Amino acid sequence: MKRTNAAGQWDRVLTLRDGRILAYTDLGDPLGYPIVFGHGMPGSRLEGRFFHDKAREHGFRILSPDRPGIGNSDFQPGRKLLDYPDDIEQLADSLELAHFCHIGWSSGGSRTLACCYRLPGRVDLGVCLSGLTHFAEYPGSGGLLQATRWPGPQLVRLSPRLTRLAVTLMVWLSRRHPGLYLKGAEEMTSRRDRKLLQALINEGEFRRDQLMCLNSGGRAITTDLLTELGNWGFSLRDVRTPVLIYQGEEDPFVPMDYALHLTKNLPAGELSTMPGLGHLYPLSREFQDQLFQRLKLQLGSEKRKELHASS
């Protein structure tokens, strides 16, 4: 691991066993309980910065990695969803973390569930913030396109090649015309989301995060989407770790039905719906206060159960 210059004061890199570089940010309280954060798509490790202040205030450490091929992390050919927890396990080993929580926002939700499934002895709790469900088990088609205009699971099933072409074209257009891309993103959000997004765009953080991902190119982004929209390699019913599921009732990107499907099929899934909120509520300081307070209570409860079971 190494620390970068002041411009990237929270940036770290880890060399994995296969020689790949895993880039991540290390934020919040350096002595706090560790949370691994899975970014959305488009998204990058920079999303961890949105949680830095509140995490530090509540005593949590936020570790936010770039997924393979995104940002400063090396590409991984032939990647599947269950390769992700292998990388996270190596990160946890390098930092000597015996236990941690995994939070995934949007596209990061599937990564939360993969870690809960593959690393049940280390992941104390999973949190899905407006995450997609496992479409191999979902009774609907999921659509050719997602509301975000990215390819949907139906297109992936019909033609992975066409999916790659569609993503490559979208990435090229978005990189060539970032102003139009950001304006389109703003127009697709809910009314309350729009206020949050405008503030973040003005600060420059959201733009940097999105461009960090888009500049990674179509190959990396397509591979990332394919790992989520295809078969995950495990069933939701096999995820035994407790999972908190959050869903905004006015989310224009992720339908409520996905959250209901997750809740119905995860043995220890617990759903919290939020009236009037859309997709960007995780960026709200008010929500972050509520989330971190709940995590303190939930993690304390899980530890008490663990001690009781071993006595």
Side-chain angles (χ1 to χ4, degrees), residues 1-14 22-67 70-73 87-88 91-92 94-97 99-109 111-112 115 123-131 182 193 195-213 244 246 277 279-299:
M1 291 176 288
K2 70 178 182 181
R3 188 183 182 107
T4 63
N5 57 29
Q9 59 179 307
W10 296 300
D11 285 345
R12 309 285 188 273
V13 295
L14 170 68
L22 179 74
Y24 66 100
T25 54
D26 190 347
L27 303 116
D29 181 353
L31 301 178
Y33 176 89
I35 293 174
V36 177
F37 178 80
H39 62 74
M41 180 52 61
S44 73
R45 71 183 187 282
L46 300 184
E47 287 178 10
R49 298 186 184 186
F50 299 140
F51 296 84
H52 172 65
D53 291 337
K54 284 299 180 181
R56 183 173 54 185
E57 181 181 322
H58 288 274
F60 288 98
R61 182 183 186 182
I62 300 286
L63 302 161
S64 180
D66 281 330
R67 292 197 287 273
I70 305 300
N72 290 342
S73 286
D87 287 356
I88 298 306
L91 174 61
S94 74
L95 299 174
E96 300 182 343
L97 306 178
H99 296 270
F100 57 93
C101 167
H102 194 289
I103 296 178
W105 179 25
S106 193
S107 187
R111 279 72 186 183
T112 288
C115 285
V123 180
D124 293 324
L125 180 68
V127 181
C128 290
L129 307 174
S130 295
L182 291 171
D193 278 355
K195 292 181 180 179
L196 278 170
L197 185 56
Q198 286 171 346
L200 290 169
I201 290 176
N202 290 338
E203 293 171 4
E205 284 296 319
F206 182 79
R207 179 188 178 94
R208 281 191 288 273
D209 170 61
Q210 296 293 285
L211 291 181
M212 170 77 74
C213 180
L244 304 180
Y246 286 88
L277 298 186
H279 194 69
L280 301 184
Y281 62 86
L283 306 180
S284 160
R285 289 176 174 266
E286 179 182 358
F287 172 78
Q288 291 176 14
D289 274 329
Q290 296 171 2
L291 175 63
F292 289 134
Q293 289 286 8
R294 185 177 183 185
L295 290 185
K296 285 188 233 183
L297 294 173
Q298 188 83 16
L299 290 166

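We number each residue from 1, following the sequence as shown. Computed from a predicted structure; not experimentally measured.
A donor-acceptor contact shorter than 3.5 Å is absent between the side chain of S73 and the backbone of L22. Q288 contributes no side-chain N or O that, together with a main-chain N or O of A55, makes up a donor-acceptor pair within less than 3.5 Å. Between the H52 side chain and the G28 main chain, a donor and an acceptor come within less than 3.5 Å of each other. Side chain of Q210 to main chain of P42: a donor-acceptor pair is present (N/O by atom type, distance under 3.5 Å, no hydrogens or angles). The closest donor-acceptor contact from the side chain of W105 to the backbone of F37 lies at 3.5 Å or more, if one exists at all.
Taking every heavy atom of both residues into account, E47 and G40 meet most closely at OE1-N, 3.1 Å. Counting all heavy atoms, side chain and backbone alike, Y33 lies closest to F100 at OH-C, 3.1 Å.
For Y246 and F287, the distance between ring centers is under 6.0 angstrom.
There is a side-chain donor-acceptor pair under 3.5 Å between S130 and Y281. Defined by atom type and a distance below 3.5 Å, a donor-acceptor pair is present between the side-chain atoms of S44 and D209. With hydrogens and angles left out, the side-chain atoms of D124 and H99 include a donor and acceptor closer than 3.5 Å. Between the side chains of H39 and D66, no donor N or O sits under 3.5 Å from an acceptor N or O.
Within the 4.5 Å cutoff, side-chain heavy atoms of V127 are placed close to those of C101. The shortest distance between side-chain heavy atoms of L27 and R61 does not fall below 4.5 Å. Contact check for F60 versus I35: side-chain heavy atoms found under the 4.5 Å cut-off.
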| task | I would like to know whether R45 and R67 meet side-chain contact (heavy atoms from CB on, under 4.5 Å); could you show each step before the answer? | result | CA-CA 8 Å; R45 71 183 187 282; R67 292 197 287 273; over 6 Å; no

| task | For side-chain contact (heavy atoms from CB on, under 4.5 Å), just list the numbers for L295 and L125, CA-CA rounded to whole Å, side-chain angles, deciding distance to a tenth of an Å, and then say yes or no. | result | CA-CA 9 Å; L295 290 185; L125 180 68; 3.5 Å; yes

| Chi angles and distances behind the side-chain contact (heavy atoms from CB on, under 4.5 Å) call for I62, T25 | CA-CA 8 Å; I62 300 286; T25 54; 5.9 Å; no

| message | Could you go through D53 and R285, starting from their C-alpha distance and side-chain angles, then the distance that decides it, and tell me whether this counts as salt bridge (Lys or Arg N to Asp or Glu O under 4.0 Å)? | response | CA-CA 9 Å; D53 291 337; R285 289 176 174 266; 3.0 Å; yes

| request: Could you walk me through whether L97 and L63 pass the side-chain contact (heavy atoms from CB on, under 4.5 Å) test, one step at a time? | output: CA-CA 11 Å; L97 306 178; L63 302 161; 3.6 Å; yes

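Rounded to the nearest 0.5 Å, atoms CD1 (I70) and SG (C213) are 4.5 Å apart.
Ring geometry for F51 against F292 counts as perpendicular: the plane angle is over 60°, on a 0 to 90° scale with 30° as the lower cut.
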